[in-house]
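Reminder, nothing fancy here: chain letters follow the sequence lines and each chain counts from 1. Since the model is a prediction, treat every value here as computed from it, not as a measurement.
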Protein chains: 2
Amino acid sequence: MAGRAAEPEVIWARPERTGRGPRPAYTRADIAAAAVRIADAEGLDAVSMRRVAAELGCGTMSLYNYVPRKEDLYELMVDAAGGEHELWEPSGDWRADMLRVAHQTRALMHRHPWLPRLMSPVYGFSPNALRYLEHCLACLDPLPEPYGTKLELIAMLNGIVTTYVTNELATDERTRSLPWSQERENAIRIAYLGGRIATGEYPRMAAAFAEDAGPIDLEAVFERALGRMLDGFGPRR
Amino acid sequence: MAGRAAEPEVIWARPERTGRGPRPAYTRADIAAAAVRIADAEGLDAVSMRRVAAELGCGTMSLYNYVPRKEDLYELMVDAAGGEHELWEPSGDWRADMLRVAHQTRALMHRHPWLPRLMSPVYGFSPNALRYLEHCLACLDPLPEPYGTKLELIAMLNGIVTTYVTNELATDERTRSLPWSQERENAIRIAYLGGRIATGEYPRMAAAFAEDAGPIDLEAVFERALGRMLDGFGPRR
DNA sequence: TCGTAGTTACGTACACCGTACGTAGTGCGC
DNA sequence: GCGCACTACGTACGGTGTACGTAACTACGA
């Protein structure tokens, strides 16, 4: 009694099972899986404590025995998704390996479109985050730089992937979600933008739109961004 | 009657004033300013339709005359913050100018810590976003690349700034928010991480932490990231 | 072996959220 | 001057996170 002590600790620091009392009906993995299932099928906003509890088949407040705050539920989800990273024996070519990491992360985020929104702090040292980091560092073994630099590289890689995938997803979303037909939405946008540009206040924007290099290949843009970033590291040039 | 047509359009495409009926009591700028004031003082989560209406001194539902959905309120906020960008006559050195842009954006985000969270799609063509883009393009005039490449550069710059500031803010937040004293929180984290590392499963992570190059200088990390990114562009090397 | 303390489970309740809808009043364009 | 499009705003609905109280259960210390 006397108020259960609120625990600010990282969820990974508290043991999943303490030994006292009846054995918990679910594991953290169960809970994470349920939340991920909902988020995949109905979007992140559908993930509420009530909904997850219903998916598990337990009372809403029972969830709070496993997850002190909703934020921690999110951490469980991110970790579960991170577990889908398949790791491999480093090839010896750190550049190729890091490109492969980036593409895998991108695929992961496309499979779980809610991931980017939950990844604001680069990584929270969840079990699978540690596995992932260790793997990246292993891939970077051939790179003659201190670990500090390697961690910077990894952070930057994750940042770029997150940024680009977020953009891709936003574009997808925009074209899919509204039944006001994409053409109508686009027409409105173009009309507005065209009107703005026609004022002559933005000559370079006008030129950029006039340039019109056909439909932009987002995949290629992603590739170029990665390449340029990795060029910034590597053996002293 | 017959249901007011829900309007999916971008808020910037609808005129602020139509001419008919009583003149609106507030301008979009008033509303944006109120929301920004609240977000700055009490955090983004304190920005609710009710709260903003109260700040303005009007009824909650009156806000919906100006802003069809809450999401549009966010757009107003982002645009208002974007208006704080001070633009200058390009120096002729595009690299220096872009660094200056980056630092200014970073400062802006530190002044308005809620900004990164609202900037998921790189930019939504709000009035101030257009001003900003045009200015960046002007700074990039000396760079002999097509506009497509320049836009990629700008997107990447914004992405990196957002990523790094998000990290900085998360760190700040973590150290500030909880009165459980930062030492306690840190101690728990270190203990957990140390325990994990001690298992020997993560030898490179262990080495990375052992490297211990003193307290990390986030500012310097930011600078290096920018430099490396800009190196990826520039005259053919 | 047996209390008892620490857990699990979960229903109820509260304060808050976004916003659909209806109604009343206002002032411009025809 | 009429009518209509607009502003203003109160009420209400279905949702949210979660504090708190209670009952059942089990592993440990005596």
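At the heavy-atom level, B:A53 lies nowhere under 4.0 Å from the strands shown.
Atom pair B:E42:CD and C:dC17:P shows a separation of 11 Å (rounding to whole Å applied). Rounded to whole angstrom, the span from the CG atom of B:L73 across to the P atom of C:dC17 amounts to 13 Å. Per the geometry, CE belonging to A:M49 stands 20 Å off P belonging to C:dC16, to the nearest Å. Protein atom CG of A:L56 is 14 Å distant from nucleotide atom C1' of C:dT8, rounded to whole Å. Distance, A:I31 CD1 to C:dT8 C1': 12 Å, rounded to whole Å. Rounded to whole angstrom, the span from the OH atom of A:Y74 across to the C1' atom of D:dT16 amounts to 10 Å. Atom CD in B:E71 sits about 14 Å away from atom C1' in C:dT19, given to the nearest Å. Here the P atom of nucleotide C:dC17 and the NZ atom of A:K70 are 16 Å apart, to the nearest Å.
The side chain of A:Y64 contributes no N or O atom lying less than 4.0 Å from OP1 or OP2 of C:dT8. For the pair A:S62 and C:dC10, the criterion of a side-chain N or O lying under 4.0 Å from OP1 or OP2 is met. OP1 or OP2 of D:dT7 has not a single side-chain nitrogen or oxygen of B:Y26 nearer than 4.0 Å.
For residues 125-137 of chain A, every residue pair satisfying the salt bridge (charged side-chain N to carboxylate O under 4.0 Å, His left out) rule, not counting sequence neighbours, is listed here: A:E134-B:R204.
Mapping B:R51 and A:Y66 onto DNA chain C by nearest heavy atom places A:Y66 at the nucleotide closer to the 5' end. Each of A:A46 and B:R23 has a nearest nucleotide on DNA chain D; the 5'-most of these lies closest to B:R23.
For A:T105, the side chain to side chain donor-acceptor pair (under 3.5 Å) test picks out A:H85, with sequence neighbours left out. Remark: B:K70 pairs with B:Y74 by the side chain to side chain donor-acceptor pair (under 3.5 Å) rule, at least two apart or across chains. Checked against side chain to side chain donor-acceptor pair (under 3.5 Å), B:R106 has the following partners two or more places apart in sequence or in another chain: B:E168, B:E219. Looking at residues two or more places apart in sequence or on another chain, you find a ring-ring contact (aromatic ring centres under 6.0 Å, His included) between A:H103 and A:F222. Here A:Y64 pairs with nothing under the side chain to side chain donor-acceptor pair (under 3.5 Å) rule; sequence neighbours left out.
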Please write out each protein N/O paired with an N/O of nucleotides 1-6 of chain D under 3.5 Å, distance rounded to 0.1 Å.
none

Check nucleotides 11-15 of chain D for protein N or O atoms closer than 3.5 Å to its own N or O atoms and list the pairs.
none

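Within a 6.0 Å sphere centred on CZ of A:R23, other residues, nucleotides and ligands contribute 12 heavy atoms or fewer.
The backbone N or O of A:H112 lies less than 3.5 Å from no partner atom in the side chain of A:D40, so there is not a single donor-acceptor pair.
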Please tabulate, one pair per line, all N/O donor-acceptor pairs under 3.5 Å involving side-chain atoms of residues 49-60 of chain B, not counting sequence neighbours.
residue	atom	partner	partner atom	Å
B:R51	NH1	B:E55	OE1	3.4
B:R51	NH2	B:E42	OE2	2.5
B:E55	OE2	B:R37	NH1	2.6

